[in-house]
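Computed over heavy atoms, backbone and side chain alike; hydrogens, waters and symmetry mates excluded. Read the numbers this way: they start at 1 and go in the same order the structure lists the ligands and their atoms.
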Amino acid sequence: MLAHRVEHFVESVIRDMTRLSLKHNAINLAQGFPDFPAPWELKRAASSAIMDDYNQYSITWGAKDLRDEISRKAREYNHIEADPDSEVTVTCGSTEAMMASMLALLNEGDEVVVFEPFYENYGPDAAVSGAVPRFVPLTDDNSIDGDVLASVFNKKTRALILNTPNNPCGKVFRKDELKLIADMCIDYDVIAVTDEIYEYILYDNKKHISIASLDEMKDRTITISGFSKTYSVTGWRIGYALAEKTLTSAIRKVHDFLTVGAPAPLQHACVSALRFSESYYEELAGMYDGKRKLLYNALIKAGFKCSLPEGAYYILADIPEGTGMDDTAFARYMVSEVGVAAVPGSSFYRSEAGKHKVRFTFSKKDETLMEAARRLEGLSI
Ligand code: GLN
């Protein structure tokens, strides 16, 4: 006997591809995590935190010194004022922040607006909360069609999920687009729940804008981010949610009973991450820019159709014509015969559009990407 809530989603395909990749000894360009070392200073801070005995529970909603630093970073980088004592919650990764927020916000039958393509977790997040996702496809050039957006809002709409920079397509939402979304949220009294985990991974002078910084949006936005991608520590599971007091106290209640708290010594180390100098972020984006071009060139050479992403560290590519395979068959063929793992596009779409696509990550060492490029040259279709 199982609960109905687990019938409406399947296990993560991204994580499944990682398991398949290990089984076939393939290069894992499926799951987005670095295969290169985390910053040395950060590792040293974590080791010291353990040796200095930061080994017991921190305050359930986050260590005070970390909340203070997150609040400062939010003011300086995101232009969001978040009181560290009542508006910041530290969670086990942004994944938990997103789930805790949805559980805190949504009732059975409420509707949640989600742009397509979307990160795999949002569907299950909505399903577990009892909510119904309403998908808004981005146009072919990754823009928002205002009429389509307006058509999904109604009196049942309670929340909208905004992921910028976007995983999987790399779109960075522009100010005018955020304004359009904000106007809809204000008109329908909807809360925006954002996933800004790739906020520092931007290319070609793109700028990250947090929708909470727009007029009238601060009190109707839950801004979510974390340390995994910016500091290459995806296994630490440290994320956070910024929201006005009433929302925050609801999120904190869910968070407390789900996890008690995020790992205390790693929270302590994350304080030092937030004190890295400006050059760290420039180097991070510069490093990923090189990797982006390396993977892009390899994919084009191998016959994929794709474009350079504006942000994040993925390329969503059209499967070369003539394979006769859908995305799942093609991804399985790639992992077992070519030795490169990617994620089937249908993980990111409700519509059929994903059936012709696969997603690759370039969050890997150059040598890993070059070996993947070599293997892709042998793609016989
Ligand atoms: N965000 C990463 C991805 O999209 C990792 C997902 C995960 O497994 N948590 O690949």
Measure across Tyr288 and Ser363 and return the closest heavy-atom pair with its distance rounded to 0.1 Å.
CE2-CA, 3.6 Å
Decide whether an N or O pair under 3.5 Å exists between Thr95 and ligand 1.
no
Any idea which protein heavy atom is nearest atom 9 (N) of ligand 1, and the distance to it?
Arg15 NH1, 3.1 Å
Could you list the atoms of ligand 1 found under 4.0 angstrom from a heavy atom of Lys229?
1 (N), 2 (C), 5 (C)
For this output row, return yes or no: ring centroids of Tyr198 and Tyr314 closer than 6.0 angstrom.
yes
What atoms of ligand 1 come closer than 4.0 angstrom to any heavy atom of Asn167?
1 (N), 3 (C), 4 (O)
Can you check whether Tyr231 and Tyr280 have ring centres sitting under 6.0 Å from each other?
yes
Thr139 versus Asp145, side-chain donor and acceptor atoms under 3.5 Å:
no
Heavy-atom contacts with Gln31 under 4.0 Å: which atoms of ligand 1 show up? List them by number with element.
5 (C), 7 (C), 8 (O), 10 (O)
Under the 6.0 Å and 45° cation-pi test, does Arg292 pair with Tyr203?
yes
Mind checking whether Arg359 contacts ligand 1 via backbone (N, CA, C, O), side chain (CB onward), both or neither, at a 4.0 Å heavy-atom cut-off?
side chain
Establish, for the pair Lys364 and Phe33, whether the NZ or CZ atom is under 6.0 angstrom from the six-membered ring centre and no further than 45 degrees off its axis.
yes
of all protein heavy atoms, closest to atom 3 (C) of ligand 1 is Tyr314 OH, 3.1 Å
Can Lys229 be said to sit on top of Phe227's aromatic six-ring, NZ or CZ under 6.0 Å from centre and within 45° of the ring axis?
no
List the steps and the verdict of side chain to side chain contact (heavy atoms under 4.5 Å, CB included) for Val132 and Val112.
CA-CA 6 Å; Val132 181; Val112 185; over 6 Å; no
Counting each atom of ligand 1 from 1 as listed, which ones have a heavy atom of Tyr198 under 4.0 Å away?
1 (N)
Ile14 N/O under 3.5 Å from ligand 1 N/O:
no
Can Glu120 be said to touch ligand 1, with heavy atoms closer than 4.0 Å?
no
Protein residue, atom and distance nearest to atom 6 (C) of ligand 1, heavy-atom basis
Tyr119 OH, 3.0 Å
